[in-house]
Amino acid sequence: MSARNRSCSSSILQACSSSSFTRQPSRVLIVDASPPWWSETCTVLCQALEDFFFLASSLAGPVRVPLLSVFAISVQLECLLPFVQVKGNLTRLLSCVEELRSLPQEGCVRQRGALLKQAVLDSLQQFKQYMCHTAHGDINSNCVEVTVLTCQSGQIVLKQLEQGLKNSDLMSLRRLLVVHITLQQSLSDRSLACSLETPSSEDDQEGRRTYLVITYS
């Protein structure tokens, strides 16, 4: 291959890579911090989020995560972080993690399914308002990817959300991912196992709803 062809190929690959990053959807993270599971997962999950925020906010090059919003379900639904640009916003991101750590680890949560549904709808409405009233510059994607972190059965949570959201306006929802976190009871079996499954529901013809199982000790 000639030097000119190599140069052209490199330019095309760079342009494609940059374009793919700028088309990345905004992200919503919904953390199911409801007792009693939150007492078991709080430390590990908050540390993982902190590490991710350190990395995502400081990476050079194109923006990987254009916008992020964080909701938490504890004894009530809370928006811990309205939509912000991830890059260069480390202080606000770490403040959000500290708020997660401070959530109560005891208590009773009623109508968790209704709170999850409301969190998804609130996040979509918040995104629409952000895009309408904010100069969003390089944010080219007009859709949102919602991730739910929970210690409940991923299948059950996904079915609850499908049922609750079936008559809602989800045009801006690109994907709904439920991450089911389970705990290894045996300390001698320290392993991380992941499985990804997509429901075969007729309501999911576009393949937008998925759940992931993560097991750790």
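Every value quoted in this text rests on a predicted model; they were computed, and no experiment measured them.
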Heavy-atom side-chain contact between [X] and [Y] under 4.5 Å:
| X | Y | value |
| --- | --- | --- |
| W38 | V31 | yes |
| V84 | L67 | no |
| Q105 | C42 | yes |
| L173 | L124 | yes |
| P25 | V144 | no |
| C79 | Q126 | yes |
| L161 | V148 | yes |

Are [X] and [Y] ion-paired here, with the side-chain N under 4.0 Å from a carboxylate O?
| X | Y | value |
| --- | --- | --- |
| R101 | E50 | yes |
| K117 | D122 | no |
| R174 | E145 | no |

How far apart are the closest heavy atoms of [X] and [Y], and which atoms are they?
| X | Y | result |
| --- | --- | --- |
| S57 | L93 | CB-CD1, 4.2 Å |
| R112 | S34 | NE-OG, 3.0 Å |
| L165 | V120 | CD1-CG1, 3.9 Å |
| V97 | C46 | CG1-O, 3.6 Å |
| R92 | P82 | NH2-CD, 4.2 Å |
| F71 | S123 | CE1-CB, 3.6 Å |

Atom pair [atom1]/[atom2] of [X] and [Y] - distance to nearest 0.5 Å:
| X | Y | atom1 | atom2 | result |
| --- | --- | --- | --- | --- |
| I30 | L177 | CD1 | CG | 11.0 Å |
| L80 | S95 | CG | OG | 9.0 Å |
| L103 | I73 | CG | CD1 | 11.0 Å |
| Y130 | Q125 | OH | CD | 16.0 Å |
| L45 | E40 | CG | CD | 13.0 Å |

Is there a side-chain contact (heavy atoms from CB on, under 4.5 Å) between L81 and L29 once you walk through the steps? CA-CA 10 Å; L81 183 72; L29 181 64; over 6 Å; no
Residue among S26, C132, S69 satisfying side-chain contact (heavy atoms from CB on, under 4.5 Å) with F127: S26
Other residues, nucleotides and ligands only: do more than 12 of their heavy atoms fall within 6.0 Å of NZ on K128? yes
Is the count of non-hydrogen atoms from other residues, nucleotides or ligands lying under 6.0 Å from I156 atom CD1 greater than 12? no
Starting from the C-alpha separation in whole Å, work towards a yes-or-no answer on side-chain contact (heavy atoms from CB on, under 4.5 Å) for T147 and V179. CA-CA 7 Å; T147 299; V179 178; 3.8 Å; yes
Any donor and acceptor pair, going by atom type alone, linking the side chain of T150 with main-chain N or O of Q152 inside 3.5 Å? yes
Verify side-chain contact (heavy atoms from CB on, under 4.5 Å) between V146 and R175, making sure each step is shown before the conclusion. CA-CA 6 Å; V146 177; R175 188 184 184 199; over 6 Å; no
Report the C-alpha separation of D32 and W37 in whole Å, then their side-chain angles, then the decisive distance to 0.1 Å, and conclude whether the side-chain contact (heavy atoms from CB on, under 4.5 Å) test is met. CA-CA 9 Å; D32 183 358; W37 301 283; 5.6 Å; no
